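Only one structure is covered here, and it is reproduced in the block below.
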2 protein chains.
Amino acid sequence: MKDVASAAGVALKTVSRVVNDEPGVHPDTAERVRAAIERLGYSRNESARVLRSGRTATIGLVIEDVADPFYSGLSRAVEDVAIEHGCLLMSGSSGEQPGRERELVLAFCTRRVDGLIVVPAGDDHAYLQPELETGTPVVFADRPPGPGLDVDTVLAANADGAAIAVRHLLGHGHRRIAFLGDQPTIYTAAERLRGYREALGPLFDERLVAMRGAAPGPVREELARLAALDDPPTALFTGNGRLTVTVLRALPGRQGHDGPYEAGRWRLPGGRPVALVGFDDFELADLLAPGVTVVAQDPAGMGRAAAELLFRRLGGDTGPSGRLELPVRLVPRGSGELPGPYAARA
Amino acid sequence: MKDVASAAGVALKTVSRVVNDEPGVHPDTAERVRAAIERLGYSRNESARVLRSGRTATIGLVIEDVADPFYSGLSRAVEDVAIEHGCLLMSGSSGEQPGRERELVLAFCTRRVDGLIVVPAGDDHAYLQPELETGTPVVFADRPPGPGLDVDTVLAANADGAAIAVRHLLGHGHRRIAFLGDQPTIYTAAERLRGYREALGPLFDERLVAMRGAAPGPVREELARLAALDDPPTALFTGNGRLTVTVLRALPGRQGHDGPYEAGRWRLPGGRPVALVGFDDFELADLLAPGVTVVAQDPAGMGRAAAELLFRRLGGDTGPSGRLELPVRLVPRGSGELPGPYAARA
DNA sequence: TACCCTCTTGACAACGTTGTCCACCCGGCC
DNA sequence: GGCCGGGTGGACAACGTTGTCAAGAGGGTA
């Protein structure tokens with residue numbers, strides 16, 4: 001900027017004024033300055049600007065994993081809203097590790113992001129308190145903050161969605177409905193379990209619950225265990241998108257791999273047909289045979305809602321913090337409509 | 001930092017030394033300073049640090065769309081390498097618009113990222129020249145830079161991969177092999193077309209080429225056109241992951257939707273069975289019926305390679321810029337092994 | 001005791017920008 | 001002619017950090 005000033009034969013401050021479109025500069029002078037800027041290929045040093053003004057025009061986003069379609073959809077929506085507000089996005093994946101979540105958040109804070117959107121991995125967020133006190137707005141998405149932290153939060157209707165899935169299966173004549181979910185320490189998994197349990201009421205049977213995560217090994221083991229029960233499930237409810245896919249891979253009745261079974265329905269190990277409803281939609285769910293019935297969340301909607309809340313705060317809204325619960329939607333595609341033993345005759 | 005200094009009863013510089021683990025501070029003093037830092041909840045202002053040192057410990061990534069699994073996989077790999085080097089990632093989606101690509105790159109530059117990885121949308125990158133001259137290293141990924149720009153580049157073996165796919169289909173007795181690709185203005189699409197054409201040699205027929213992008217409408221139209229030819233294709237080669245999925249959705253012979261056709265093979269509109277090989281792997285390709293044979297790229301490998309090149313430059317490597325071509329891999333799953341009319345008898 | 005050396009600490013300038021305040025020029029008015 | 005006010009431009013400090021350099025303390029040696 002100094003160079004531009006001397007090249008244009010004006011003072012430093014005049015260049016600053018031109019760059020910031022401030023009033024009080026003669027058009028001719030401004031033109032001379034702009035020419036010098038062009039000639040020297042000058043670009044303002046944002047760090048110095050931040051140092052003075054405190055605004056980075058950058059927001060931070062912490063998610064579990066960009067490579068998970070749920071979070072990449074959310075990411076994209078946040079980015080779009082950020083761009084609308086002239087902001088850029090820094091993002092990081094915590095990989096479900098509380099330590100990494102914390103490191104990312106603090107790294108964003110030292111870089112003085114204007115605001116933060118966090119999908120928490122841990123449940124202790126005391127480390128965020130000082131940042132909140134310095135006035136950095138934070139919005140939690142998908143999972144609520146740990147105790148004692150008072151921030152805006154955007155959640156999906158987890159328990160509701162699970163109940164919808166279970167009632168759908170009950171309505172098709174199923175009474176033995178298994179739940180395969182993520183570790184119950186994860187908020188969304190616990191909530192979905194709660195919805196599942198409440199919707200089942202007295203039909204709830206602990207032996208039909210398997211919450212050992214989405215790794216193929218444990219999923220296979222749990223499916224084998226469920227299939228070997230005296231009174232095995234006639235329907236499965238899977239607790240998230242990754243789990244649904246892992247389960248589908250582990251079921252023997254799938255197309256082109258099924259050996260003795262005819263195509264067109266999913267089966268437990270051993271061969272009994274089984275109905276299936278998954279939480280979370282996923283691409284190609286409609287192309288499988290049969291199509292996979294899901295309770296769909298809207299990741300982009302969640303990202304947009306969180307980002308809009310954040311920018312409302314950045315715009316100066318100091319009202320009490322709120323909690324938003326986004327609705328979910330049942331998408332019937334065939335796998336959840338397989339009639340169970342108690343189905344009403346047509 | 002000033003507050004910390006006075007709280008600990010030392011000079012500013014001493015605090016700076018402690019914060020940066022510089023030698024020459026008495027352990028007792030350092031302990032006192034650390035206590036004060038803890039007590040005041042101090043965190044270094046990275047902007048000021050950048051202003052002095054010039055390093056932001058941040059790199060920028062411009063891709064087409066984070067929500068596309070190819071790019072989100074690439075993103076994640078870049079992020080992992082960045083974290084290993086103590087860097088954070090800023091990323092943005094250009095949405096295939098050259099103007100947006102440019103804006104993102106320049107926005108990253110004014111924020112003084114240490115380096116950039118770019119999947120270009122446009123083919124004029126003259127605007128990058130000044131940044132290169134100021135010493136910001138740039139790596140192009142997936143597509144090469146426009147003319148005149150001398151930077152490291154990581155590409156997939158696009159033409160090779162297409163040729164592999166075509167030879168695979170030829171080997172199974174197909175002679176009429178159609179190509180459905182993205183707009184030929186996109187580098188990867190053009191390269192794949194080239195590989196397809198070269199592998200077909202005299203069998204190449206312009207009428208079997210459809211390059212109108214991945215939108216469902218045009219894809220459906222092109223499939224209808226191909227099916228109506230006098231000499232219709234017996235095999236399809238699709239030019240990228242999104243296209244493969246769009247084509248699968250548009251084919252009538254799919255499971256649970258097919259009416260008169262038996263399951264287990266893909267069919268053209270009208271009912272003729274058709275073999276299919278796609279460029280790019282995608283999740284669940286193995287669960288479809290039949291499984292979709294693909295030529296798989298490695299998005300994470302590409303991200304890692306690009307990031308490692310970038311950090312080599314940041315580490316001071318000033319050698320001539322290079323071009324890396326990553327191999328691709330044929331994954332047979334059934335759809336590409338359907339025998340064509342010229343298949344050798346068993 | 002004088003000297004030198006090392007270890008620790010501090011004062012100060014500088015990074016590039018913006019906010020504050022002041023100086024100047026010009027025309028019009030009393 | 002003196003004064004005022006608006007329009008323009010510039011000098012300077014400040015943001016929070018780090019690099020440079022020098023000063024002081026303490027110990028060993030001549």
Side-chain angles (χ1 to χ4, degrees), chain A residues 1-37 40-58 106-114 130-131 134-136, chain B residues 1-37 40-58 86 106-107 109-114 130-131 134-136:
Chain A
M1 191 180 256
K2 203 170 50 181
D3 297 342
V4 173
S6 57
V10 297
L12 208 57
K13 180 62 200 180
T14 304
V15 179
S16 170
R17 272 194 267 261
V18 171
V19 169
N20 293 290
D21 280 331
E22 285 175 38
V25 179
H26 192 89
D28 295 354
T29 315
E31 199 37 60
R32 229 171 50 239
V33 171
R34 262 187 282 270
I37 287 177
L40 275 71
Y42 162 82
S43 115
R44 179 170 57 192
N45 183 323
E46 213 65 17
S47 302
R49 176 191 174 74
V50 168
L51 189 55
R52 283 292 294 176
S53 65
R55 282 231 151 174
T56 53
T58 304
L106 294 179
F108 289 156
C109 287
T110 64
R111 284 170 178 75
R112 292 295 187 271
V113 291
D114 293 340
E131 305 303 333
T134 68
T136 309
Chain B
M1 190 179 257
K2 204 171 50 181
D3 297 343
V4 173
S6 55
V10 298
L12 210 57
K13 180 62 200 181
T14 303
V15 179
S16 170
R17 272 193 266 258
V18 172
V19 169
N20 293 290
D21 281 329
E22 284 174 39
V25 179
H26 193 89
D28 295 353
T29 315
E31 199 38 59
R32 228 167 53 238
V33 170
R34 262 187 281 270
I37 287 177
L40 276 70
Y42 162 81
S43 117
R44 179 169 58 193
N45 183 323
E46 214 65 17
S47 302
R49 177 190 172 77
V50 167
L51 189 56
R52 281 293 294 177
S53 65
R55 283 230 151 174
T56 54
T58 304
L106 294 180
C109 287
T110 64
R111 283 173 178 74
R112 293 291 187 274
V113 292
D114 293 339
E131 305 304 332
T134 67
T136 308

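Residue numbers start from 1 in every chain, and the chains themselves are labelled A, B, ... in the order their sequence lines are given, proteins ahead of strands. Everything quoted here is computed from the prediction, not taken from an experiment.
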- Task: Taking side-chain hydrogen bond (donor to acceptor under 3.5 Å, both in side chains) as the test, write out the residues that go with B:Thr58, two or more places apart.
- Result: A:Arg111
- Task: Test side-chain contact (heavy atoms from CB on, under 4.5 Å) on A:Ile37 and A:Val19 and set out the steps.
- Result: CA-CA 9 Å; A:Ile37 287 177; A:Val19 169; 3.9 Å; yes
- Intermediate values then yes/no, side-chain contact (heavy atoms from CB on, under 4.5 Å), B:Arg112 and A:Glu46: CA-CA 7 Å; B:Arg112 293 291 187 274; A:Glu46 213 65 17; 5.8 Å; no
- Query: Which atoms form the tightest heavy-atom contact between A:Ala57 and A:Asp114, and what is the distance?
  - Reply: N-OD2, 2.8 Å
- Axis-to-axis angle across the helix from C:dT1-D:dA30 to C:dC30-D:dG1, five pairs an end, to 10 degrees? 80°
- Among pairs that include at least one residue of residues 4-27 of chain A, which meet salt bridge (Lys or Arg N to Asp or Glu O under 4.0 Å), considering only residues two or more places apart or in two chains? none
- Query: How is A:Ser16 classified with respect to the nucleic acid when contacts are heavy atoms under 4.0 Å: base, sugar-phosphate, or nothing?
  - Reply: base
- Item | Length of the line joining A:Arg52:CZ and D:dC12:P, which is rounded to integer Å | 16 Å
- Which atom of A:Thr56 lies closest to which atom of A:Val113, heavy atoms considered: OG1-CA, 3.6 Å
- Item | Over all atoms of both residues, closest heavy-atom pair of B:Leu40 and B:Ala7 | CD1-CB, 4.2 Å
- Boundaries of the DNA chain C segment in contact with chain A, non-hydrogen, under 4.0 Å: C:dG16 to C:dG19
- Heavy atoms only: give me the nearest B:Ser6-B:Asp3 pair and the separation to one decimal. OG-O, 3.0 Å
- Assign each of B:Pro23 and B:Leu51 to its nearest nucleotide of DNA chain C by heavy atoms, then name whichever residue's nucleotide is nearer the 5' end. B:Pro23
- Task: Output all residues satisfying side-chain hydrogen bond (donor to acceptor under 3.5 Å, both in side chains) with B:Arg55, sequence neighbours left out; order by chain, then residue number.
- Result: none
Detail all sub-3.5 Å separations between protein N/O atoms and N/O atoms belonging to nucleotides 5-11 of chain D.
{"residue": "D:dG9", "atom": "OP1", "partner": "A:Thr29", "partner atom": "OG1", "Å": "2.4"}
{"residue": "D:dG9", "atom": "OP2", "partner": "A:His26", "partner atom": "N", "Å": "2.9"}
{"residue": "D:dG9", "atom": "N7", "partner": "A:Arg17", "partner atom": "NH2", "Å": "3.3"}
{"residue": "D:dG10", "atom": "OP2", "partner": "A:Ala11", "partner atom": "N", "Å": "2.7"}
{"residue": "D:dG10", "atom": "OP2", "partner": "A:Thr14", "partner atom": "OG1", "Å": "2.8"}
{"residue": "D:dG10", "atom": "N7", "partner": "A:Arg17", "partner atom": "NH2", "Å": "2.8"}
{"residue": "D:dG10", "atom": "O6", "partner": "A:Arg17", "partner atom": "NH2", "Å": "3.3"}

- Grab the two heavy atoms, one from B:Arg49 and one from B:Asn20, that are nearest each other, plus how far apart they are. NH1-OD1, 3.1 Å
